[in-house]
Amino acid sequence: FGPHGDYRWLIENFPKLKIIFGHLGVPYYKSLWPSVRNNPNVYVDISSSYHVDERLFKSSIKKIGIHKLLFGTDSPYAHGDVIKKIKTWVDDAAISENEKEDIFSNNFLKLIQT
């Protein structure tokens, strides 16, 4: 985000704006995640195995919540193996099938319907 990318200002001044932060908010995820968890219009995607790993994805489930996570791929830049890897993280997570579907599609569908 850098000195000109103050995400808090954006969230606070545009509370109805729907915001999706890429790559789970890396490298600023520790300070960003509370804002994601506490704001109904702020989400993160789980794209990019260069910035996000399975451990961080699992941590986001606990610290942000399933309903704030969106499946992302970085396509067309990510190759098929990376997309498959990220999908496997979700498939292998200790969450219900409904929660997996929330990450893969339902969360995004809810986001665009409201």
Side-chain angles (χ1 to χ4, degrees):
F1 299 100
H4 301 291
D6 184 357
Y7 66 86
R8 288 182 190 99
W9 180 89
L10 187 63
I11 293 169
E12 291 167 4
N13 288 284
F14 299 93
K16 293 182 181 182
L17 179 66
K18 295 176 183 176
I19 303 169
I20 302 170
F21 289 102
H23 315 304
L24 286 176
V26 169
Y28 303 102
Y29 67 96
K30 289 180 182 178
S31 62
L32 175 66
W33 284 4
S35 296
V36 174
R37 182 182 59 242
N38 296 324
N39 188 297
N41 292 322
V42 181
Y43 300 82
V44 293
D45 80 9
I46 60 172
S47 65
S48 180
S49 64
Y50 302 109
H51 298 86
V52 176
D53 60 18
E54 188 173 13
R55 178 200 56 78
L56 192 61
F57 164 65
K58 288 179 179 180
S59 179
S60 73
I61 291 172
K62 294 175 185 172
K63 294 185 179 182
I64 299 175
I66 296 289
H67 65 289
K68 296 297 198 142
L69 302 177
L70 305 170
F71 178 73
T73 65
D74 272 353
S75 287
Y77 305 106
H79 53 81
D81 291 343
V82 172
I83 297 166
K84 184 177 179 181
K85 178 190 232 179
I86 295 168
K87 183 178 181 304
T88 300
W89 296 344
V90 178
D91 286 335
D92 292 348
I95 57 177
S96 73
E97 291 301 315
N98 287 339
E99 291 171 321
K100 292 174 187 179
E101 283 304 311
D102 288 345
I103 294 171
F104 285 134
S105 64
N106 294 333
N107 291 342
F108 181 74
L109 293 173
K110 289 175 190 173
L111 182 148
I112 63 171
Q113 290 176 355
T114 58

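Here, residue 1 is the first one in the sequence, and each next residue gets the next number.
Residues satisfying the ring pair (Phe, Tyr, Trp, His ring centres under 6.0 Å) criterion with F57, sequence neighbours excluded, are absent altogether. Residues passing the side-chain contact (heavy atoms from CB on, under 4.5 Å) test with L17 are L10, F14, I19, sequence neighbours excluded. Residues satisfying the salt bridge (Lys or Arg N to Asp or Glu O under 4.0 Å) criterion with D91, sequence neighbours excluded, are K87. For W33, the ring pair (Phe, Tyr, Trp, His ring centres under 6.0 Å) test picks out Y29, with sequence neighbours left out. Residues passing the side chain to side chain donor-acceptor pair (under 3.5 Å) test with S31, sequence neighbours excluded: Y7. With sequence neighbours left out, N106 forms a side chain to side chain donor-acceptor pair (under 3.5 Å) with D102. By the side chain to side chain donor-acceptor pair (under 3.5 Å) test, N38 pairs with no residue at all, sequence neighbours left out. Remark: E101 pairs with no residue by the salt bridge (Lys or Arg N to Asp or Glu O under 4.0 Å) rule, at least two apart or across chains. Remark: K63 pairs with no residue by the salt bridge (Lys or Arg N to Asp or Glu O under 4.0 Å) rule, at least two apart or across chains.
Taking both residues in full, the closest heavy atoms of I103 and I95 are given as CD1-CD1, 3.9 Å, listed atom of the first, atom of the second, then distance. Of all non-hydrogen atoms in I46 and F71, the two that sit nearest each other are CG1-CA, 3.9 Å. The two atoms that bring I61 and A93 nearest to each other are CD1-CB, 4.2 Å, heavy atoms only. Closest approach of I64 and R37 over heavy atoms only: O-CG, 3.8 Å.
Put simply, OH on Y43 and CG on N107 are 7.0 Å apart, with the number rounded to the nearest 0.5 Å. Note that OG of S60 is 10.5 Å distant from CZ of R55, once rounded to the nearest 0.5 Å. Atom CD1 in I83 sits 11.5 Å away from atom OG1 in T88 (nearest 0.5 Å). With values rounded to the nearest 0.5 angstrom, K100 atom NZ is found 14.0 Å from L69 atom CG. Taking CD1 from I66 and OG from S96, the interatomic distance works out to 7.5 Å, rounded to the nearest 0.5 Å. Rounding to the nearest 0.5 Å gives a distance of 14.0 Å between CG of D45 and NZ of K68.
Side-chain contact between K58 and K62 is absent, with no heavy atoms from C-beta onward closer than 4.5 Å. I11 places a side-chain heavy atom less than 4.5 Å from the side chain of F21. Counting heavy atoms from C-beta outward, S35 and N39 have side chains that stay 4.5 Å or more apart.
The aromatic rings of H23 and H51 lie parallel to each other, with less than 30° between the two planes, well short of the 60° mark.
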